[in-house]
Asks: 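Below is a structure I'd like to ask you about.
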Amino acid sequence: MVFLLCILIGIITAFIGALMGLGGGVVLIPSLLFLAQISEAFSWVTPQSVVGISLIAMVFTALSSTIAYLKSGRVDYKTGLLFLVGSVPGGMIGSWLNQYIETDNFLLYFGLLIIVVSMLFFLKRDPSQPKTLQGKQSRRMELNGEVYTYHVPIWTAFFVSLVVGTLSGLFGIGGGSIMVPVMILLFGMPAHIAIATSMFMIFFVSIIGAGSHITLGHIVWEYAFLFIPGAWIGGKLGAKVNQLLTGKVLEGILRIVLIVIGIRMIYQGLM
């Protein structure tokens, strides 16, 4: 029963994560923490062990979905690598800080973080496209015959990604639930490109974060391996469905999912 449930959770979380560039941690973590409260079969779950398992699962989710996104030309390599410069050291810092957070605080802070991120999508965006921007900080991507231009300042990208990377390692969310809204709202990237680039980044950040948790001894391996097949399958399915939806639909789904998860986590943290 536990085996099948872990496989199912892995598929669902990876599907949602790949679909919206979240990585899956925002679903997998609250799911396991909830099961730990109602079932003795999940008594092995702690904030540290679940974050470690989440990051391991996200390595395979990100790899399978990134392969699919690469084939459709949706990944902005240059911008993704720029964000990684800050995300990688941030992930190491966050993973180290994770061991000092108690369960109740973990749930409450995680929920508050998700709610704040979801609120970003209610901000109105400047409809004008930065077509006059030129130089190294201006990026151009073609998607489905349409050319998009957006602006990614180097230092702003570095400091933002450093903060996001720290939160990623701390909460095991892969950074996507924060980075995707930031790429869309702050840097003006199209939703499809932001999501695909996020999964490209999550692959590398998750490897670093998972490695840190392995070193710290947070991984319960007999259960971690159960999530890998579901993560691979769900990642591929999520990437394929993503290509069938419009950017507005993806943003709407992301907003709803983040609000629901955030409210539930805050509720659990206050109980």
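Counting begins at 1 with the first residue of the sequence. Heavy atoms only: backbone and side chains are in, while hydrogens, waters and symmetry mates are out. Remember, predicted model here, so these are calculated numbers, not experimental data.
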Asks: Any side-chain to backbone donor/acceptor pair from Ser64 onto Phe60? Under 3.5 Å, distance only.
Replies: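 The answer is yes, because a donor-acceptor pair under 3.5 Å joins these two groups.
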Asks: Find out whether Leu226 and Ile53 are in side-chain contact, i.e. whether some heavy atom of one side chain is under 4.5 Å from a heavy atom of the other.
Replies: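 With C-beta onward as the side chain, the pair stays apart.
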Asks: Using every non-hydrogen atom in the two residues, find where Asn242 and Leu19 come nearest and quote the distance to one decimal.
Replies: ND2-O, 2.8 Å
Asks: Within the side chain of Tyr69, is there an N or O that forms a donor-acceptor pair under 3.5 Å with the backbone of Ala18?
Replies: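 Checking the backbone N and O of Ala18 against the side chain of Tyr69, a donor-acceptor pair under 3.5 Å is found.
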Asks: Once you round to the nearest 0.5 Å, how far does CZ of Arg139 lie from NZ of Lys78?
Replies: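 Rounded to the nearest 0.5 Å, the CZ-NZ separation comes out at 5.5 Å.
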Asks: Measure the acute angle between the ring planes of Trp155 and Phe158, then classify it against the limits of 30° and 60° as parallel, tilted or perpendicular.
Replies: perpendicular
Asks: Measure across Ile9 and Thr13 and return the closest heavy-atom pair with its distance rounded to 0.1 Å.
Replies: O-OG1, 2.7 Å
Asks: Between CZ of Arg74 and OG1 of Thr66, what distance do you get to the nearest 0.5 Å?
Replies: 13.0 Å
Asks: Taking the side chain as C-beta and beyond, is there a heavy-atom pair between Ile115 and Ile266 under 4.5 Å?
Replies: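 With C-beta onward as the side chain, the pair touches.
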Asks: How far apart are the closest heavy atoms of Ala68 and Ala239, and which atoms are they?
Replies: CB-CB, 3.6 Å
Asks: Looking only at atom types and distance, does a side-chain atom of Ser54 sit under 3.5 Å from a main-chain N or O of Val50, one as donor and one as acceptor?
Replies: no
Asks: In terms of hydrophobic clustering (I, L, V, M, F, W, Y; side-chain heavy atoms under 4.5 Å; direct or indirect links), are Leu162 and Phe83 co-clustered?
Replies: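 Different hydrophobic clusters.
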Asks: By side-chain contact (heavy atoms from CB on, under 4.5 Å), which residues pair with Leu63, not counting sequence neighbours?
Replies: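 For Leu63 the side-chain contact (heavy atoms from CB on, under 4.5 Å) partners, ignoring immediate neighbours, are Ile67, Phe203, Trp232.
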Asks: Between the main-chain N or O of Ala36 and the side-chain N or O of Ser39, is there a donor-acceptor pair closer than 3.5 Å?
Replies: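 Side chain of Ser39 to backbone of Ala36: no pair is present.
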Asks: In sequence, state the C-alpha distance, the side-chain angles, and the governing distance for Leu5 and Phe42, and then conclude on side-chain contact (heavy atoms from CB on, under 4.5 Å).
Replies: CA-CA 11 Å; Leu5 194 55; Phe42 289 86; 3.7 Å; yes
Asks: Establish, yes or no, whether a centroid distance under 6.0 Å links the rings of Phe227 and Tyr223.
Replies: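 Ring centres of Tyr223 and Phe227 not closer than 6.0 Å.
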Asks: Walk me through whether Ile195 and Leu250 qualify under side-chain contact (heavy atoms from CB on, under 4.5 Å).
Replies: CA-CA 9 Å; Ile195 290 172; Leu250 290 173; 3.7 Å; yes
Asks: Which value, rounded to the nearest 0.5 Å, describes the distance between Leu70 atom CG and Ser65 atom OG?
Replies: 9.5 Å
Asks: Grouping I, L, V, M, F, W and Y whenever their side-chain heavy atoms are under 4.5 Å apart, do Leu216 and Leu55 come out in a common cluster?
Replies: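 They do not share one cluster, since no chain of ILVMFWY contacts under 4.5 Å joins Leu216 to Leu55.
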Asks: Calculate, to the nearest 0.5 Å, the distance between atoms CD1 and CD1 belonging to Ile7 and Ile12 respectively.
Replies: 12.0 Å
Asks: Between atom OG of Ser43 and atom CD of Gln37, what is the distance when rounded to the nearest 0.5 Å?
Replies: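 If I round to the nearest 0.5 Å, the distance is 13.0 Å.
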Asks: Are the side chain of Thr197 and the backbone N or O of Asp76 linked by a donor-acceptor pair below 3.5 Å?
Replies: yes
Asks: Under 30°, 30 to 60°, or over 60°: which ring-plane class applies to Trp221 and Phe225, parallel, tilted or perpendicular?
Replies: tilted
Asks: For the residue pair Met141 and Val75, what are the closest heavy atoms and their distance?
Replies: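 It is CE-O, 3.7 Å.
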Asks: If you take all heavy atoms of Gly17 and Met199, which pair is closest and at what distance?
Replies: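 Smallest interatomic distance, heavy atoms only, reads O-SD, 3.7 Å.
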Asks: Membership question, hydrophobic clusters at under 4.5 Å side-chain separation (ILVMFWY): are Val116 and Ile256 in the same one?
Replies: no
Asks: Work out which heavy atom in Met20 is nearest to a heavy atom in Ile253; give both atom names and the distance.
Replies: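 So the two residues come closest at SD-CG2, 3.4 Å.
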Asks: If you count heavy atoms of other groups shown closer than 6.0 angstrom to CD of Glu222, is the number above 12?
Replies: yes
Asks: Rounded to the nearest 0.5 Å, what separation is found between the CG atom of Leu245 and the NE2 atom of His192?
Replies: 6.5 Å
Asks: Please say yes or no: joined through hydrophobic side-chain contacts below 4.5 Å, possibly via intermediate residues, are Leu28 and Leu4 part of one cluster?
Replies: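 Yes; Leu4 is reachable from Leu28 via cluster members.
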Asks: How about Tyr150 and Ile193: do any of their side-chain heavy atoms sit closer than 4.5 Å?
Replies: yes
Asks: Determine whether Ile207 and Tyr77 fall in the same hydrophobic cluster, where Ile, Leu, Val, Met, Phe, Trp and Tyr are linked whenever their side-chain heavy atoms lie under 4.5 Å apart.
Replies: yes
